[in-house]
Amino acid sequence: MDTPAPNTLDRNERLKSRKVIATLFKTGRSFVAYPLRVVWAVSHAGEHGCATMAVSASKRIFKTAVQRNRLKRQMREAYRLHKQAFYDQLQPHQKHVSLMITYIAKEQLPYTEIDAGMKKLIRKFPFETLGEHKA
RNA sequence: GUCACAGGCCGCUUUGUCGCCUUUCGGGGAGGAAAGUCCGGACAACAUAGAGCACCGCACCGCCUAACAGGCGGAGUUUCCGAAGCAGUUCGGAGGCAUAGAAAGUGUCACAGAAAAUUACUUCCCGCCAUUGCUGAAAAGCGUGACGGGUAAAGGUGAAAACGUGUGGUAAGAGCGCACGACCAGGGCAGGCAACUGUUGUGGGGGAUAAACCUUGCGGGUUGAAAUGCCAUGUACACCUUGCCAUUGUGUUGCUCGCACAGUCUCGAUUGUUUCGGGAGCAAGGGGGGUAGGCAGCGCAGAUUCCGUCCUAGACGGAACCAGAUAAAUGACAAAGACUCCGGCUUGCCGGAGGACAGAAUCCGGCUUAUAGGUCUGUGACUUUA
RNA sequence: GGUCCCGUAGCACAAUGGAUAGUGCAACAGAUUUCUAAUCUGUAGGUUACCGGUUCGAGCCCAGUCGGGAUCA
């Protein structure tokens with residue numbers, strides 16, 4: 001398992017398979033770190049890194065594609081800058097994790113709040129339950 | 001110079017740090033609307049003898065165009081503004097217009113009104129009869145009523161009322177005749193490619209509605225990149241058709257499956273006759289079931305952009321160009337400059353605030369809608385200077 | 001990326017181009033009842049999504065915009 005460069009986020013670290021996302025929403029667990037909500041599940045031991053992620057913003061709340069694109073880019077940026085701390089805690093468990101991060105606030109918040117939410121998300125992630133969760 | 005209106009154009013720039021997509025490793029990387037999907041094409045698959053009907057769409061004329069319901073120019077009509085005039089009207093400017101046919105036929109026209117499309121009613125007039133009305137000596141006259149005719153002028157309602165005014169004519173009247181005027185149809189002459197305009201003479205008396213049915217002319221094969229072609233992954237194949245090979249017969253059962261017996265082919269064990277055990281389909285297509293990944297389609301190409309010439313749209317010539325993602329890249333953070341607004345004063349500086357609408361998904365041409373701010377042109381009003 | 005449909009009172013729906021847009025439920029007030037429910041009587045509530053056009057007249061016809069929904073492997 002090779003560890004990617006610290007501050008990058010290329011195609012292999014993003015969740016792209018439609019089928020995996022469907023099973024993630026069906027079987028995954030979730031928790032909230034305002035203004036973000038994460039759905040996660042242990043997946044097949046990955047060939048690339050130790051986690052894949054995707055981001056999402058509701059079309060019902062943010063009507064235009066410009067608003068949704070900006071929020072998703074900011075969320076990806078925050079994950080990119082803080083993912084190394086997440087990987088460091090994930091490494092001892094030897095598991096591969098899929099994440100779907102959703103923006104749940106009702107209005108567009110500044111980037112500093114999204115950044116703080118991402119740090120809180122990584123702090124709250126239940127690493128101790130990884131062993132009992134079946135792949 | 002300010003304000004208002006109309007139209008056209010632009011749609012902040014640069015740098016640093018950390019990143020993303022693509023690449024032929026040099027590089028390249030959102031818009032004027034990328035949006036709505038309202039029109040028109042390219043392209044693709046399928047279908048297709050020819051013609052007609054049905055259905056859908058379009059509708060003044062000419063031109064532009066690959067094409068269009070788009071654009072440019074013109075014609076007609078209509079609204080508003082201004083000027084002239086007592087007024088009808090005329091002239092000028094700025095807009096709007098789905099602008100073929102109501103004299104082929106059918107339908108509809110609420111309420112009101114006599115009547116809503118061609119007839120009836122009231123009225124008006126004439127003739128004849130009656131009269132227990134009045135006058136009168138009587139004849140008769142006036143009135144009233146019924147019947148038979150002639151008219152359609154008058155009826156004030158309505159969005160709309162059966163050509164308008166004058167005159168003749170008549171028992172009463174009527175485009176019934178005449179003069180002037182308005183409208184409609186088709187004809188001649190002149191202008192124009194044409195729509196149409198002007199003029200001349202002929203005929204006419206039939207309201208509106210076709211964004212009601214309809215008629216006429218023109219156009220349209222259907223479906224759309226989730227089209228279409230290929231590869232990979234992978235799953236019970238029940239069933240049907242065709243071909244090759246022949247698993248065939250008998251019994252059981254209403255039929256199928258299944259079971260039993262016998263025969264045929266084949267495989268294995270046995271040296272072998274024999275005996276024992278196992279098996280009896282394959283291929284293609286349809287149908288069903290499954291896959292949710294990739295490649296092509298998808299851009300060094302095109303109805304593209306810029307410049308020049310002609311120029312009304314547009315045409316011709318030259319030069320230039322590099323998005324290609326697929327839970328979906330084209331960014332995040334920071335700084336500086338330019339711009340706008342507010343406040344302060346030293347009147348050109350300081351401080352603070354702000355930057356819209358919006359994100360490619362095969363590609364083009366239009367239309368429509370959203371849009372902070374800037375800029376240019378034209379028109380009108382006001383002010384200042386010469 | 002396409003295709004199709006809808007929009008009328010708080011909700012569910014009507015209304016042939018023709019008077020002041022109706023029906024049921026809900027709401028409010030009154031009656032009835034010891035009280036409530038049920039029942040009866042009455043009242044209010046509408047920019048017919050928006051904006052233009054055709055017509056004497058538009059919820060209805062036509063065009064554009066906005067919003068909502070369904071569907072296509």
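In the text below, chain A, chain B and the rest are named by the order of the sequence lines, each starting its count at 1.
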Please state the [atom1] separation for the pair [N] and [M] - nearest whole angstrom.
{"N": "B:rA152", "M": "B:rA114", "atom1": "C1'", "answer": "13 Å"}
{"N": "B:rG107", "M": "B:rU118", "atom1": "P", "answer": "10 Å"}
{"N": "B:rG203", "M": "B:rA160", "atom1": "P", "answer": "35 Å"}
{"N": "B:rC193", "M": "B:rG207", "atom1": "P", "answer": "39 Å"}
{"N": "B:rA4", "M": "B:rA338", "atom1": "P", "answer": "29 Å"}
{"N": "B:rA325", "M": "B:rA34", "atom1": "C1'", "answer": "15 Å"}
{"N": "B:rC63", "M": "B:rA195", "atom1": "C1'", "answer": "13 Å"}
{"N": "B:rU222", "M": "B:rA227", "atom1": "C1'", "answer": "13 Å"}

Review point. Within the distance-only criterion (no hydrogens, no angle test), does the side chain of A:K124 pair as donor or acceptor with the backbone N or O of A:V32 below 3.5 angstrom?
Key: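 Such a contact is found between A:K124 side chain and A:V32 backbone.
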Exercise for review: List the steps and the verdict of side-chain contact (heavy atoms from CB on, under 4.5 Å) for A:L71 and A:Q108.
Suggested key: CA-CA 8 Å; A:L71 287 171; A:Q108 283 190 324; 4.2 Å; yes
For [N], does the O4'-C1'-N9-C4 (purine) or O4'-C1'-N1-C2 (pyrimidine) torsion place it in syn, i.e. within 90° of 0, or in anti?
{"N": "B:rG71", "answer": "anti"}
{"N": "B:rA30", "answer": "syn"}
{"N": "B:rG299", "answer": "syn"}
{"N": "B:rG32", "answer": "syn"}
{"N": "B:rG175", "answer": "syn"}

Taking a pair as Watson-Crick or G-U wobble with both distances under 3.5 Å, which nucleotide is matched to [N]?
{"N": "B:rA154", "result": "B:rU122"}
{"N": "B:rC230", "result": "B:rG294"}
{"N": "C:rA44", "result": "none"}

**Study point:** Trace of the side-chain contact (heavy atoms from CB on, under 4.5 Å) decision for A:V39 with A:L24
**Key:** CA-CA 7 Å; A:V39 181; A:L24 173 63; 4.2 Å; yes
Options [options], nucleotide nearest the side-chain atoms of [X]:
{"X": "A:V66", "options": "B:rA358, B:rA30, B:rA327", "answer": "B:rA358"}
{"X": "A:R76", "options": "B:rA329, B:rC333, B:rG331", "answer": "B:rA329"}
{"X": "A:A54", "options": "B:rU330, B:rA327, B:rC333", "answer": "B:rA327"}
{"X": "A:R14", "options": "B:rA328, B:rC333, B:rA30", "answer": "B:rA328"}
{"X": "A:N69", "options": "B:rG359, B:rA327, B:rC18", "answer": "B:rG359"}
{"X": "A:Q74", "options": "B:rA332, B:rG19, B:rG359", "answer": "B:rA332"}

Review point. On RNA chain B, nearest-nucleotide positions of A:Q67 versus A:E77: which is more 5'?
Key: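 It is A:E77, whose closest nucleotide lies nearer the 5' terminus.
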Review point. If you look at every strand shown and take non-hydrogen atoms under 4.0 Å, does A:R68 touch a base, only sugar-phosphate, or nothing?
Key: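 No contact at all - A:R68 keeps every heavy atom at 4.0 Å or more from the nucleic acid.
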Check your understanding: Which whole-number value in Å describes the distance from A:R73 CZ to B:rC20 P?
Key ->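 Those two atoms, CZ and P, are 14 Å apart.
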Review point. How close or far is atom P of B:rA332 from atom CD1 of A:I114, stated in whole angstroms?
Key: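 To the nearest whole Å, that distance equals 11 Å.
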Practice item. Flag the pair A:R37 / A:F31 as yes when at least one side-chain heavy-atom distance between them is below 4.5 Å, and no otherwise. Key: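 With C-beta onward as the side chain, the pair stays apart.
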Practice item. Supply the atom-to-atom distance A:L99 CG to A:W40 CH2, rounded to the nearest 0.5 angstrom. Key: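 Rounded to the nearest 0.5 Å, the CG-CH2 separation comes to 9.5 Å.
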Point to revise | Sidechain N-carboxylate O distance under 4.0 Å for A:E13, A:K83 | key: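 Looking at A:E13 and A:K83, the cut-off is met.
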**Study point:** Closest approach of A:H82 to A:I122 (non-hydrogen atoms, all atoms of both residues)
**Key:**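 Closest heavy-atom pair between A:H82 and A:I122: O-CD1, 3.3 Å.
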Check your understanding: Are A:R70 and B:rA332 close enough that a side-chain N or O sits under 4.0 Å from OP1 or OP2?
Key ->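 The answer is yes; a side-chain N or O of A:R70 sits under 4.0 Å from OP1 or OP2.
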